[in-house]
Number of protein chains: 2
Amino acid sequence: MRKTSLADLPCPIARSLDIVGEWWTLLIVRDALFGSRRYEEFKRIGMGDNILATRLRRLVDAQILCRSRYQRRPDRYEYLLTARGRALMPVIGALRQWGREWTEGNDLSPTVIHDACGHEPHVEVRCSDCDREVTMAELRPIPAQGG
Amino acid sequence: MRKTSLADLPCPIARSLDIVGEWWTLLIVRDALFGSRRYEEFKRIGMGDNILATRLRRLVDAQILCRSRYQRRPDRYEYLLTARGRALMPVIGALRQWGREWTEGNDLSPTVIHDACGHEPHVEVRCSDCDREVTMAELRPIPAQGG
DNA sequence: CAGGTTCACTCCAATATTGCAAGTGACTAA
DNA sequence: TTAGTCACTTGCAATATTGGAGTGAACCTG
């Protein structure tokens with residue numbers, strides 16, 4: 001009776017959530033994307049030590065983060081995002097935009113900027129074919145392809 | 001000792017996750033975006049009845065879904081996405097793209113198409129100022145604005 | 001050099017959530 | 001009459017989360 005694994009489902013959304021869909025996990029990814037590296041930095045998010053330690057272990061196992069020594073005597077480690085982890089930026093960006101538009105409260109969290117021009121980027125849905133931005137009303141569901 | 005609420009944090013990402021960050025919830029949103037409406041349809045996702053019923057109730061309370069009667073004697077209800085719920089498409093799209101690129105397995109899930117041209121859209125990070133697509137390497141974290 | 005502090009954890013007990021199975025109630029179809 | 005559908009509810013055991021205390025190595029303070 002373990003918590004149901006979504007890892008083997010034939011759906012990339014489910015497989016993503018199997019890795020980053022547990023409580024607290026995407027907030028760790030958020031902070032990593034916004035510059036946090038050390039255990040003590042991630043602790044400020046607000047979860048207990050045991051949760052943080054197990055989440056970090058899972059994220060390292062899943063190759064979202066990698067554990068790297070930054071000091072000897074005593075050995076201390078920090079957690080750096082891998083390419084796989086950095087690729088989660090659109091997920092975090094989409095959640096941030098949704099929260100800004102549809103929830104109440106302020107936004108004291110850090111952010112990222114486009115290095116070249118210094119401005120904040122946004123996430124958008126764009127048609128791969130006609131290359132125009134697509135609104136939610138222009139989207140039409142099509143039936144399952146077999147499962 | 002309830003599960004910690006993220007609803008009151010000064011971060012839109014945390015507030016979003018408070019609403020849709022529980023286990024199974026985004027898979028319900030996925031199916032709703034891809035056309036599911038009825039309890040029995042959502043049940044195929046694979047969760048138990050008690051979980052499904054409580055998740056649907058939470059999503060209705062959060063105004064992601066609305067419960068609408070589609071039959072009398074006996075009264076039966078279906079769950080329809082609100083505008084607030086439809087606005088979660090970029091989150092689902094970003095998770096899907098990440099899962100396609102970074103996890104192994106096939107994709108038998110349904111999809112959506114751009115109604116005007118019939119092609120599948122994608123999610124991208126684009127600079128609000130210079131209006132170019134931004135790669136993960138071009139993003140730079142900047143420090144917290146106060147909390 | 002005793003005592004306190006930092007950092008990155010581990011361990012424990014109480015409570016909450018999840019998983020699974022079975023049951024319910026209002027019908028309809030055979 | 002019996003079975004089936006649909007949208008749930010209830011109960012119990014297994015697992016996860018919470019919050020706090022403890023650990024160990026090394027530094028810093030007087």
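Here is how names work: the chains are called A, B, and so on, in the same order as the sequence lines, proteins then strands, and each is numbered from 1.
- Distance CD (A:Glu78) to P (C:dC7): 13 Å, rounded to an integer number of Å.
- Cation-pi geometry between A:Arg38 and A:Tyr70 is met: the NZ or CZ atom falls under 6.0 Å from the ring centre, inside 45° of the normal.
- Residue-level contact check: A:Arg69 touches neither bases nor backbone, having no heavy atom under 4.0 Å from any strand.
- The residue B:Asn50 sits close to a base: some heavy atom pair falls under 4.0 Å.
- A salt bridge is absent between B:Arg126 and A:Glu133: the closest approach of a Lys/Arg side-chain nitrogen to an acidic carboxylate oxygen does not fall below 4.0 angstrom.
- Nucleic acid contact for B:Arg55: sugar-phosphate only, since backbone atoms but no base atoms lie under 4.0 Å from a heavy atom of the residue.
- D:dA16 atom P lies 16 Å from atom CD of B:Glu22, rounded to whole Å.
- In the interface, the side chain of B:Arg73 is not paired with the base of C:dC27 through any donor and acceptor atom under 3.5 Å apart.
- Across all strands, B:Arg2 comes closer than 4.0 Å only to sugar-phosphate atoms, never to a base (heavy-atom distances).
- Pairs of residues two or more places apart, or lying in two chains, that qualify as side-chain hydrogen bond (donor to acceptor under 3.5 Å, both in side chains) and include a residue from residues 77-94 of chain A are A:Arg67-A:Tyr79.
- The neighbour count for A:Glu104 CD, taken as heavy atoms of other residues, nucleotides or ligands under 6.0 Å away, does not exceed 12.
- Taking a cutoff of 4.0 Å between a charged side-chain nitrogen and a carboxylate oxygen, B:Glu120 and B:Arg100 qualify as a salt bridge.
- The side chain of B:Pro74 sits closest to C:dC27 out of C:dT18, C:dC7, C:dC27.
- Ion pairing between a basic and an acidic side chain is recognised when a charged N comes within 4.0 Å of a carboxylate O; B:Asp75 and B:Arg72 show such pairing.
- Considering only side-chain N and O atoms, B:Tyr79 lies under 4.0 angstrom from the phosphate OP1 or OP2 of D:dC8.
- When the nucleotides C:dT18, C:dT10, D:dT18 are ranked by their closest atom to the side chain of B:Ile51, C:dT18 comes out on top.
- Within 4.0 Å (heavy atoms only), B:Thr54 reaches no atom of the nucleic acid at all.
- The nearest whole Å value for the distance from the CG atom in A:Asp49 to the C1' atom in D:dG20 is 10 Å.
- Going from atom CE of A:Met47 over to atom P of C:dA16 covers 21 Å, rounded to whole Å.
- Salt bridge status for A:Arg96 with A:Asp107: present, with a side-chain N to carboxylate O gap under 4.0 Å.
- Side-chain proximity of A:Lys3 to the nucleotides C:dT10, C:dA26, D:dA16 is greatest for D:dA16.
- If you take CZ of A:Arg76 and P of C:dT6, they are 12 Å apart, rounded to a whole angstrom.
- Residues A:Gly48 and A:Arg72 each lie close to DNA chain D; by heavy-atom proximity, the contact nearer the 5' end of the strand is made by A:Gly48.
- The CZ-C1' distance, from B:Arg57 to D:dT10, rounds to 12 Å in whole Å.
- The listed nucleotides are D:dC8, C:dA8, D:dT18; the one nearest the side chain of B:Thr4 is D:dT18.
- Atom CG of B:Asp75 and atom C1' of C:dT28 are 15 Å apart (whole Å).
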**Message:** Please evaluate residues B:Asp61 and B:Arg58 with respect to the criterion salt bridge (charged side-chain N to carboxylate O under 4.0 Å, His left out), reporting the C-alpha separation (whole Å), side-chain torsions for both, the decisive distance (0.1 Å), and the verdict.
**Reply:** CA-CA 5 Å; B:Asp61 289 350; B:Arg58 273 213 74 188; over 6 Å; no
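- Residue B:Trp24 has a polar side-chain atom (N or O) positioned under 4.0 Å from OP1 or OP2 of C:dG19.
- Scanning residues 35-46 of chain A for heavy-atom distances under 4.0 Å to DNA chain D yields an empty list.
- Rounded to an integer number of Å, the gap from CG of B:Leu59 to C1' of D:dC8 is 16 Å.
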